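The structure presented is a predicted model; accordingly, all values stated were derived computationally and were not measured. Letters A, B, ... are given to chains in the order of the sequence lines, protein chains preceding strands, and every chain is numbered from 1.
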Amino acid sequence: MVDISVKIGKLKLKNPVMSASGTFGLEYGELLDINSLGALVLKTITYEPRQGNPAPRIAEVSSGMLNSIGLENKGLEDFVKKKVPKLKGIKIPVIASIAGNNAKEYAALAARLGRIAKIAAIEVNLSCPNVRHGTREGLIAQDAEATQDVISAVRKAASCALIAKLTPNVSDISKIALAAQKAGADALLVANTFPAMAVDIETGKPRLGNITGGLSGPALKPVILKMVWELYNKIEIPIIGCGGIMDYKDAVEFMLCGASAIQVGTATFVNPAAPVEIIKGIGKYMKEKKMAGPGQLIGKIKVGSLWRL
Amino acid sequence: MKQLMLEITGNKEISEGFYRMRLESAYLAANSKPGQFVEVKCSSGPDPLLRRPLGIHRVVKGGIELLYKIIGRGTGLIARMKPGDTLDVIGPLGNGFDLSPHRGADILVAGGHGVAPLVALADSLVNSVGRIVDREKRGIHVFIGAKTAKHILCAKDFGKLGCDVHVATEDGSGGSKGLITNSLAAFLNTIHYPLCTTIYACGPTGMLKAVAGIAMEKHIPCQVSLEERMACGVGVCLGCPVKVTRSPGHQVTGFEYKMVCKDGPVFNAEDIAW
């Protein structure tokens, strides 16, 4: 067996494949062995319960899907009391995902979750409205200063590994990435879904109840891949690639571009066996290429000849 | 539930745009309940991307049948599949109809291809213990509505099961002219139905809402099978919400979202915030 274990800050993963937040739950335990994953990332929780967006929340588009779930969740207390006990049988690192209205709320969530032994790391979902000076100006992850504030607050509140989840909808992702790194993030998750919409021409109405949503799936992959490659040489902390990874070939592409680990989301809906097949595929690929470890794969894209063109 | 690679043993157009597919699976035959569904992969590539939820139409020896309508590209691709082809299926999914014991009469109301899961339901009702003993009192009354006569599906199947079948078409080309909900209301006004009668309905939302209204007025318990766009089909992505009234102590205090795939697709009609 090829060693495909990777390290994300303090976190050791037996393989680089994680579930993407909001696309995985213990329900999938009937269809695949959850403990074979590198890590389990849970659905984003907020301090207070959130009802989520009206239907339809899903729209299929060419080689992708849009979602506008609206962070529906039952809130922090329900999570701690009801969800955490159900994680008893999970032997792999469990990563909680959090979202808040401001730095203080993020910190409160992190402080509470950081005390739970079962939670190995916290993923900070920064795709939340950026409330500054009483007005909403884009998302936190679109503002380097706000990103730094939130990550710093979370860093002070919890000692476990922190992953900053970025939005791809920015003019220069490296500015946001550097802000997150400076504030103490242990890894970057590149990236969340891309804002998008679709219209039903028969009714003339948007195909999502929330009008707009986030694009995921194969259509998004090349966009995110380029961001990972761009960040790899500018950032010191590990990058986790996430965007339209459907099979091991996609995962290897991301790793060649510099991702230390990857997350699988939409692919699981299409093929619940996808995460497990990707893990096996990465191992097989590395064996065929005679790679001793992931160090020989991560960031090893051969761009030399292209530079000379 | 399982993810299965199943052999297609039949896939025929039974009426314009409507297909019946047979899948070989001892597992699904043994584990499927009426009202449950499966998620079917309609292409081997990334487009169309998502699976299609299709109601289990009938449980047959060694397998199941699906009845579906070509709605878009996904179902169009499924319709082109041939016997001998392999289909990637996840199921059975969802809760299914609640078939409680000590029953009275059963009233099944179908709109368009909403008839699909009701055949499996009628099958179960007929074949459960003591069903046919007293057909007069404990009969199964089926109401099928559609646009035109050629869109009326499965009337013969219900007939074979000994059900009392009523048909209505919007253009009057088959059965009585008008909405099937009018036929249902007229029926309930004229006959003396026994206690413990239950209504089961599947079809377009407008029809289900009308059926729910009639059931409420007559104080007849009513179960409706809903449809919604889905991604995962197993309750993970929270992509298929339906508004359910929240009523602690029978006082309605707003609504909450339930998931059609996991909490449903069958709901008590009175719980839905229509």
When you check the side-chain N and O atoms of A:S127 and A:N192, is any donor under 3.5 Å from an acceptor?
yes
Quick one: of B:V242, B:V234, B:L50, B:D88, who has the most non-hydrogen atom pairs under 4.5 Å with chain A?
B:L50
Option that, when pairs with chain B are counted at under 4.5 Å, heavy atom only, ranks first among A:E72, A:M65, A:K43
A:E72
Side chain / backbone / both / neither for A:P218 at chain B, heavy atoms under 4.5 Å
side chain
Residue pair B:Q3 / A:N271, side-chain donor-acceptor N/O under 3.5 Å
yes
Quick one: do the A:N73 and A:T46 side chains pair a donor with an acceptor below 3.5 Å?
yes
Out of A:P54, A:G217, A:G52, A:A59, which one racks up the most heavy-atom pairs below 4.5 Å with chain B?
A:P54
Any luck finding a side-chain donor-acceptor pair between A:Q263 and A:E123 under 3.5 Å?
yes
Per-residue tally against chain A (heavy atom, under 4.5 Å) across B:G72, B:A231, B:G233, B:G235 peaks at B:A231
Measuring heavy-atom distances to chain A, does B:E228 have an atom under 4.5 Å in its side chain, in its backbone, in both, or in neither?
side chain
Tell me, side chain or backbone of A:A273 under 4.5 Å from chain B's heavy atoms, or both, or neither?
both
Tell me whether the count of non-hydrogen atoms from other residues, nucleotides or ligands lying under 6.0 Å of NZ in A:K83 goes above 12.
yes
Among A:A55, A:S63, A:G25, A:S62, which has the most heavy-atom pairs under 4.5 Å with chain B?
A:S63
Does any heavy atom of chain B fall under 4.5 Å from the side chain of A:T266, the backbone, both, or neither of them?
side chain
Keeping A:S36 on the side-chain end and A:V276 on the backbone end, is there a donor-acceptor pair under 3.5 Å?
no
Would you please classify the geometry between the B:H113 ring and the B:F18 ring as parallel, tilted or perpendicular, with 30° and 60° separating the classes?
tilted
Out of B:K2, B:E39, B:R73, B:R52, which one racks up the most heavy-atom pairs below 4.5 Å with chain A?
B:R52
Parallel, tilted or perpendicular: which one describes the rings of A:Y285 and A:Y248, with boundaries at 30° and 60°?
tilted
Portion of B:K262 that has a non-hydrogen atom of chain A nearer than 4.5 angstrom:
side chain
